[in-house]
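Working notes, beginning with the structure itself.
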There are 2 protein chains.
Amino acid sequence: MTRRSYQRLGEDARRNALLEATLDCLAEDGMGGASVRKIAERAGVSAGLIRHYFSSKDEMIHEAYAYLMGQLTGAAADSAHAASEGASQALAHFIAANVMQPNLSSRKVSLWATFIGRVRAGARYAEIHRDSYREFLDLLEALIHPVLVQHGRPAAPAACHGHAIALNGLIDGLWLEGSLGHGLYDPARLPVIALTAAEGILRLPDGTLVRAIAP
Amino acid sequence: MTRRSYQRLGEDARRNALLEATLDCLAEDGMGGASVRKIAERAGVSAGLIRHYFSSKDEMIHEAYAYLMGQLTGAAADSAHAASEGASQALAHFIAANVMQPNLSSRKVSLWATFIGRVRAGARYAEIHRDSYREFLDLLEALIHPVLVQHGRPAAPAACHGHAIALNGLIDGLWLEGSLGHGLYDPARLPVIALTAAEGILRLPDGTLVRAIAP
DNA sequence: GCCACTATTATACGTTTGTATAGTAATGCT
DNA sequence: AGCATTACTATACAAACGTATAATAGTGGC
């Protein structure tokens with residue numbers, strides 16, 4: 001009996017490789033098609049290995065969701081904290097980044113939607129979703145507040161919160177629909193559409209955000 | 001051997017019962033848990049029946065998606081064509097209806113997301129999605145145009161189209177996030193948040209849409 | 001080079017899955 | 001009531017599934 005040769009990997013590296021493989025299989029085959037054997041094959045390991053890292057398939061999928069959302073919120077936080085020339089530019093960059101590559105991504109949307117489809121029925125999914133949604137809202141509030149102050153708009157916490165909810169909704173919706181390659185319009189239009197809409201939502205002077213990132 | 005007694009149903013009625021059962025199982029158990037046996041049980045028939053109506057499980061799921069989107073777009077069209085006192089009220093009602101019950105529904109969102117998760121990898125899913133997305137955009141454009149004209153805003157087709165994309169994004173995002181019971185805010189706030197944001201996106205005078213549906 | 005540790009492979013098992021098909025009971029017509 | 005039609009049940013099958021476990025080869029330390 002000839003055993004396949006293999007290379008050992010540290011615990012973190014192997015674990016992350018399995019989570020990445022899980023996400024790859026979910027993006028391609030959905031929840032119904034991502035079997036343990038497929039995930040193992042994608043990760044380049046045998047199916048028996050998975051039990052050494054996760055106590056069940058369910059746990060591995062939950063962890064994959066947490067891992068994905070950690071990546072998405074991490075990238076959003078980096079974007080929010082990036083160097084910029086003022087509050088308007090920071091907000092504009094944040095919004096635009098969400099409706100452009102690499103965030104505008106059918107893979108990311110497919111994964112996000114696949115997990116959202118389970119939020120209603122699974123407490124762990126719901127918890128991960130709520131935490132990341134809260135984090136996105138908080139990031140947006142922090143970006144919106146100084147912009148409102150700068151333009152003399154009402155900037156009380158409640159107003160900022162409402163704006164953050166609306167802006168997050170706009171970004172989510174455009175990101176979702178814009179990533180799916182439907183061919184109904186050129187996704188390159190989305191940054192301007194998003195920024196123009198955001199100016200309206202925040203009652204900013206026309207061009208405040210669009211001009212903040214234009215050449 | 002005692003066979004279970006049963007009642008015959010006409011082809012359309014039985015078929016729709018199966019599609020409803022499919023959606024119920026998908027909403028509860030996801031793509032990975034909705035087996036043919038579960039769906040049959042939910043529909044109150046034996047598993048062998050399904051082959052008499054659908055040539056495969058895959059086909060049944062695709063048909064369920066088309067059926068769901070038919071319901072959602074049908075309801076949207078009804079809402080768009082409902083009697084109203086003017087263009088602003090029609091648009092306001094349409095927007096508000098999308099972020100309130102019965103549309104604000106974790107079941108609907110779970111189903112929608114579950115299928116969206118498959119759009120990237122499945123041509124049939126992508127086709128159904130594109131057709132319904134186009135229909136929503138068209139409905140919105142038709143609602144937006146007279147409102148812009150009424151308020152002397154630029155109302156060329158390209159402008160309407162861009163506004164429809166933005167508004168649809170806003171509605172989708174708020175509907176999605178607002179349906180999931182995260183407890184971060186009261187979903188009863190969403191109609192006002194959505195309408196206020198829509199006024200901004202369309203550059204309408206403050207209160208145009210909010211006041212159109214307030215008591 | 002030797003050895004201990006352990007990451008990994010291969011295999012097994014019981015259950016579940018989607019698909020296939022023969023048989024029969026419900027129902028409408030005469 | 002009798003009969004033909006057919007919607008539906010029950011069962012079977014091969015494959016796939018998630019889970020479990022014994023064995024072994026890779027690797028670092030000495």
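Each chain gets a letter, A, B and so on, in the order the sequences are listed, and its residues count up from 1. Values reported hereafter were calculated over all heavy atoms of this structure, with side chains retained and with hydrogens, waters and symmetry mates removed.
For C:dA20, one of the phosphate oxygens OP1 or OP2 lies less than 4.0 angstrom from a side-chain nitrogen or oxygen of B:Arg51. OP1 or OP2 of C:dT8 lies within a sub-4.0 Å distance of a side-chain N or O belonging to A:Tyr53.
In this structure, B:Leu9 reaches the sugar-phosphate backbone alone: every heavy-atom distance under 4.0 Å involves primed, P, OP1 or OP2 atoms, never a base. B:Ser46 comes within 4.0 angstrom of a base, heavy atoms only. Residue contacts for B:Phe54: at a heavy-atom cut-off of 4.0 Å it reaches no nucleic acid atom on any strand shown. Counting non-hydrogen atoms under 4.0 angstrom, A:Arg14 reaches the backbone sugars and phosphates but no base. Among the atoms of the strands shown, none is found under 4.0 Å from any heavy atom of A:Glu11.
Rounded to whole Å, the distance from NZ on A:Lys57 to C1' on D:dA20 is 17 Å. Rounded to whole Å, atom P of C:dT19 lies 10 Å from atom CD of B:Glu59. Taking atom CD1 of B:Ile39 as the reference point, atom P of C:dT17 lies 11 Å away to the nearest angstrom. Across the protein-nucleic acid pair, A:Arg15 atom CZ and C:dA7 atom C1' stand 16 Å apart, rounded to whole Å. Whole-Å rounding puts the A:Glu41 CD to D:dC17 P distance at 11 Å. For the pair B:Arg8 CZ and D:dT9 P, the computed distance is 11 Å after rounding to whole Å. Distance A:Ile50 CD1 to C:dT9 P: 10 Å, rounded to the nearest Å. If you measure from atom CG of B:Leu49 to atom C1' of D:dA7, you get 7 Å, rounded to the nearest angstrom.
Where A:His52 and A:Gly33 meet DNA chain D, the nucleotide closest to each residue was compared, and A:Gly33 sits on the side nearer the 5' end. Remark on DNA chain C: of its neighbouring residues A:Ala47 and B:Gln7, the 5'-side contact belongs to A:Ala47, judged by nearest-heavy-atom nucleotide.
The side chain of A:Arg3 approaches D:dT24 more closely than any other nucleotide in the set C:dG18, D:dT24, D:dG26. Candidate nucleotides D:dT19, C:dT8, D:dC8 were compared by shortest atom distance to the side chain of A:Tyr6, and C:dT8 ranks first. The side chain of A:Arg37 lies closest to C:dA12, out of C:dG18, D:dT27, C:dA12. Nearest to the side-chain atoms of A:Arg4 among the listed nucleotides C:dA10, D:dT6, D:dG18 stands C:dA10.
In this structure, A:His182 and B:His129 have tilted ring planes: the angle between them lies in the 30° to 60° band.
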Could you walk me through whether B:Arg134 and B:Leu137 pass side chain to side chain contact (heavy atoms under 4.5 Å, CB included), step by step? CA-CA 5 Å; B:Arg134 186 200 288 117; B:Leu137 288 181; 5.7 Å; no

In sequence, state the C-alpha distance, the side-chain angles, and the governing distance for B:Val45 and B:Tyr6, and then conclude on side chain to side chain contact (heavy atoms under 4.5 Å, CB included). CA-CA 8 Å; B:Val45 301; B:Tyr6 62 87; over 6 Å; no

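Put simply, the side chain of A:Leu143 does not reach to within 4.5 Å of the side chain of A:Val147, judged on heavy atoms. Between A:Phe115 and A:Met69, every side-chain heavy-atom pair lies at or beyond the 4.5 Å cut-off.
In terms of modelled atom types and a separation under 3.5 Å, the side chain of B:Ser179 and the main chain of B:Ser105 share a donor-acceptor contact.
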